[in-house]
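Counting starts at 1 for both ligands and their atoms, following the listed order. Remember, it's a predicted structure, so these values are computed and weren't measured experimentally.
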Amino acid sequence: MDLSSLLASNAAYREFTDRQIEDVELYEILDVARFAPSGGNRQGWRVVVIKDRLLREQIRDLYVLSWREYMAHVVADLVPFAPVDAGQWRGPVVDLELARDTPRPYKFSDHIDASPVMLLVLVELAQLAVLDNGLDRQSIVGGASVYPFCHNILLAAREKGLGGVMTTVLCRQEKEVRRIIGFPEGFGIASLVVLGEPKHEITRLRRRPVEQFVSVDRFDGEPFTAKA
Ligand SMILES: Cc1cc2nc3c(=O)[nH]c(=O)nc-3n(C[C@H](O)[C@H](O)[C@H](O)COP(=O)(O)O)c2cc1C
């Protein structure tokens, strides 16, 4: 697959065949993904391959709780945990306890433990050069030192005819995940990435056209278009 086709078919794959992914294949994926950039090339990522069945089930149960929190926002027509107040998050706008007690059946989260590969991607926070710290708005720069790595995992998987999805809802349960996986303070969860052989290929990604999000010179400038 050429790079353009790879990018254009890198959908969120959440349904997988029974095909197991051999360690050697996963190793190759990670061995390519590691060329991701990171601020100062500090490569603060750390990956835990979740293989043990009991751990997988525990992660699934925690994921489900987070999924319920997420869905409580969605059904209320809210962007989950969005920093809407002048770029700040001031606390929950839904009742999170009630949310966690409200079942939200969803095939993917309810069976996430059956995904052929589960990768818990952690990041060492002290390795992140967070240039927008203290800007009096939600900080975003730190993530840029780990998400290219996560995305590379997905792209490298696509190249092998596999697919997956980068998920973040599990971060809500970081304390409990830290306990069961045993990662130290100073590390945070960046993502739970799952991989497998897609049950169905996704060919049409819904994405905005360039003109809708690129402008010239100013935020309210002319939409950027390809000159004839
Ligand atoms: C930062 C980030 C966080 C995401 N978190 C989740 C998640 O927690 N659970 C999930 O199922 N998908 C998650 N996704 C996948 C997105 O929902 C998906 O990329 C988006 O809806 C586009 O889907 P498509 O490629 O199939 O069109 C996440 C994606 C990104 C980039």
Could you check [atom] against the protein and tell me its nearest heavy-atom contact, residue, atom and distance included?
| atom | result |
| --- | --- |
| atom 4 (C) of ligand 1 | Met166 O, 3.3 Å |
| atom 27 (O) of ligand 1 | Arg207 NH1, 2.8 Å |
| atom 3 (C) of ligand 1 | Thr168 OG1, 3.2 Å |
| atom 18 (C) of ligand 1 | Ala12 CB, 3.9 Å |
| atom 9 (N) of ligand 1 | Tyr63 OH, 2.9 Å |

I'd like to know if [X] and [Y] make a salt bridge, using a cut-off of under 4.0 Å between side-chain N and carboxylate O.
| X | Y | answer |
| --- | --- | --- |
| Arg100 | Glu69 | yes |
| Arg158 | Glu201 | yes |
| Lys107 | Asp110 | no |
| Asp132 | Arg137 | yes |

Problem set entry | Over 12 non-hydrogen atoms of neighbours within 6.0 angstrom of OH in Tyr70 | no
Assess the side chains of [X] and [Y]: does a donor N or O sit below 3.5 Å from an acceptor N or O?
| X | Y | value |
| --- | --- | --- |
| Ser145 | Arg42 | no |
| Gln43 | Ser38 | no |
| Asp136 | Gln88 | yes |

Problem set entry | Aromatic ring pairing Phe108/Tyr106, orientation class (parallel under 30°, perpendicular over 60°, tilted between) | perpendicular
Exercise. Any N/O of Arg14 closer than 3.5 Å to an N/O of ligand 1?
Worked result: yes
Give the atom numbers and elements of ligand 1 that come within less than 4.0 Å of a heavy atom of [X].
| X | value |
| --- | --- |
| Val165 | 12 (N), 15 (C) |
| Val169 | 8 (O) |
| Ala11 | 25 (O), 26 (O) |
| Thr167 | 5 (N), 6 (C), 7 (C), 8 (O), 9 (N), 10 (C) |

For this session: Quick one: look at Phe108 and ligand 1, take heavy-atom pairs under 4.0 Å, and tell me if it's side chain, backbone, both or neither.
Result: side chain
Exercise. For atom 20 (C) of ligand 1, is the nearest protein heavy atom under 4.0 Å away?
Worked result: no
For this session: Answer yes or no for Ile202: is there a heavy-atom contact with ligand 1 below 4.0 Å?
Result: no
